[in-house]
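This is a predicted model, so every value here is computed, not measured. Read the numbers this way: they start at 1 and go in the same order the structure lists the ligands and their atoms.
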Amino acid sequence: MAATLNLDNLPRTIELGRDGDGRAELAYVDQRLLPGELRIVRTGDWRAVVDAVKTLAVRGAPAIGVAGAAAVALWACNEGAADAAAGGCAQAGPRFLDALARVADEVADARPTAVNLAWGVRRLERLARVCADEGAAPHAIADELFAEARRMEAEDEAANRAIGAHGSALLPQGARILTHCNAGSLATAFYGTALGVVYAAAAEGKVARVYADETRPVGQGARLTAWELARAGVPVTLICDDMAASLMAKGEVDAVVVGADRIAANGDVANKIGTYGVAVLARHHGIPFYVAAPASTIDPACTTGADIPIEERDPAEVLPAPIPGVDVWNPAFDVTPAALITRIVTEHGAFAPPDAARAAMTAR
Ligand code: MRU
């Protein structure tokens, strides 16, 4: 049965705006509370955004890119410009720019693997320097940064919709799709990357079902992907990570679609831990393996996946009650070699893995 899609049921994940007093404010979905509670948190404090990124209240590569940019804008609007005005600075001088650089570094360092975070932060930092070189006052720069962060939200959704259209074209009618982690609307400003492909295909009546890996240890598949797809009206079946092989062996999976946190120049892809294993399984069973990500996830400075820093997180995520004498290894991501990837789908089209970085650089 074809899915009846209802994206109006999905919240916007990240939204920069103004509160009643005109202060800049970020509204975000606290993803730690899902699926039990859909809570929108509002903050004007950039440090609270850093904390939200570190604790996975806001997570997913594009979402943390947009949130990181918003954090810098919050600082500029609510602290930097006010401090400069109190100091009587008509133009943004080294004091303002140095403080902005310190904030930008702290935000960019909140998580190491998804390149979107640093990409978003540095984009705002560069803009601030250009404005300062033109003699702009701190409050004018703050307004520019606010507008730029808002533009990034809109660009993110537009890129995801384009990814969805390119990805949907790769899927057969009646597709049964397996996904890992959450690369959905919740992982972006809105719409999603891997799930953007699902939504675009569902809108064309092509999706029979999505299988969501639960995604140990944090459970992004179980808590977020399953919730999001059910809410959007897409048939979804939750499986434990160790069930994917059996499902594929039964012939129940037509395609795998996942997101990415960083894509190296050669097409190797870092994504949520467990993605590599799914790619190996897909290759064994002759199932196409698609990676859906915006061009901002491509990092030409990483020659291969070996150059991508892999975040290691708190052992308590794996073993909440420590067992004396037992060590825990908890890498949050792994690297899938380009050779296992059928296509990388970006807003610019669907590419053989090594071509994705070249195409993204040409488009930049
Ligand atoms: O640790 P997380 O939940 O931030 O990891 C997220 C993922 O691995 C996603 O698959 C990736 O960021 C792509 S999101 C569109």
Side-chain angles (χ1 to χ4, degrees), residues 10 13-14 28-32 34 52-68 110-120 156-157 159-164 167 178-199 210 212-229 241 256-263 269-279 289-299 305 308-314 317-318 330-336 341 344-347:
L10 298 181
T13 311
I14 307 274
Y28 65 84
V29 175
D30 187 338
Q31 299 187 38
R32 294 167 302 185
L34 289 171
V53 169
K54 285 185 175 166
T55 60
L56 308 187
V58 175
R59 37 76 40 209
I64 64 176
V66 173
R111 293 190 77 189
T113 302
V115 72
N116 309 60
L117 177 58
W119 170 85
D156 182 52
E157 180 179 344
N160 295 335
R161 289 185 184 272
I163 289 168
L178 184 136
T179 192
H180 190 75
C181 192
N182 174 267
S185 191
L186 288 167
T188 64
F190 192 72
Y191 200 76
T193 57
L195 296 193
V197 172
V198 167
Y199 296 141
V210 174
D213 281 353
E214 68 174 345
T215 317
R216 277 276 290 154
V218 174
Q220 288 92 337
R223 295 188 304 103
L224 306 177
T225 296
W227 177 86
E228 175 178 329
L229 288 172
D241 298 328
V256 175
V257 188
V258 298
D261 286 85
R262 198 184 293 223
I263 300 174
V269 168
N271 190 50
K272 177 55 53 195
I273 189 74
T275 303
Y276 174 31
V278 176
F289 184 92
Y290 300 118
V291 173
S296 54
T297 304
I298 296 172
D299 183 1
I308 299 175
I310 300 295
E311 177 182 8
E312 295 199 8
R313 293 187 60 87
D314 189 344
E317 288 181 348
V318 175
N330 185 20
F333 302 96
D334 59 23
V335 174
T336 299
I341 298 166
I344 294 177
V345 185
T346 76
E347 65 271 40

Donor-acceptor under 3.5 Å ([X] side chain, [Y] main chain):
| X | Y | answer |
| --- | --- | --- |
| R223 | Q31 | yes |
| T13 | F190 | no |
| K272 | A332 | yes |
| N182 | Q220 | no |
| T225 | C181 | yes |

Original post:
What pair of heavy atoms forms the shortest contact from E347 to A293, and how long is it?
Top reply: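 Minimum heavy-atom separation between E347 and A293: OE1-O, 4.1 Å.
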**OP:** Can you see which heavy atom on V335 is nearest to which on Y276, and at what distance?
**Re:**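 Here V335 and Y276 meet closest at O-CG, 3.6 Å.
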Subject >> Atoms of ligand 1, numbered as shown, that sit under 4.0 Å from any heavy atom of A183 >> reply: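 This gives 14 (S), 15 (C) as the contact atoms.
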Who's the nearest protein heavy-atom neighbour of [atom], and how far?
| atom | result |
| --- | --- |
| atom 13 (C) of ligand 1 | A260 O, 3.4 Å |
| atom 5 (O) of ligand 1 | K272 CE, 3.3 Å |
| atom 11 (C) of ligand 1 | D261 OD1, 3.2 Å |
| atom 4 (O) of ligand 1 | R111 NH1, 2.7 Å |
| atom 10 (O) of ligand 1 | N271 OD1, 2.6 Å |

Non-hydrogen atoms of [X] versus ligand 1: any pair closer than 4.0 Å?
| X | result |
| --- | --- |
| A332 | no |
| P62 | yes |
| H180 | no |

Original post:
Where the closest heavy atom to atom 6 (C) of ligand 1 is concerned, which of R59, Q31, E311 has it?
Top reply: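 When every heavy atom of R59, Q31, E311 is considered, R59 comes closest to atom 6 (C) of ligand 1.
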Return a yes/no value for [X]: is any of its N or O atoms, backbone included, closer than 3.5 angstrom to an N or O of ligand 1?
| X | value |
| --- | --- |
| F333 | no |
| A187 | no |
| T193 | no |

**OP:** Just let me know how Q220 lines up against ligand 1, side chain, backbone, both or neither, with a heavy-atom cut-off below 4.0 Å.
**Re:**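 Side chain only; the backbone of Q220 stays clear of ligand 1.
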**OP:** Using a 4.0 Å heavy-atom cut-off, say whether C181 meets ligand 1 through its side chain, its backbone, both or neither.
**Re:**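 Answer for C181: side chain.
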Original post:
Between R262 and D299, is there a side-chain N and carboxylate O pair less than 4.0 Å apart?
Top reply: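 Between D299 and R262 there is a salt bridge, with a charged N closer than 4.0 Å to a carboxylate O.
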Original post:
Do the side chains of V269 and T275 get nearer than 4.5 Å, heavy atoms only?
Top reply: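 Answer no - side chains too far apart.
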**OP:** Taking atom CZ of F289 as the centre, report whether more than 12 heavy atoms of other residues, nucleotides or ligands fall under 6.0 Å from it.
**Re:**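 Yes, the 6.0 Å shell around CZ holds more than 12 heavy atoms from other groups.
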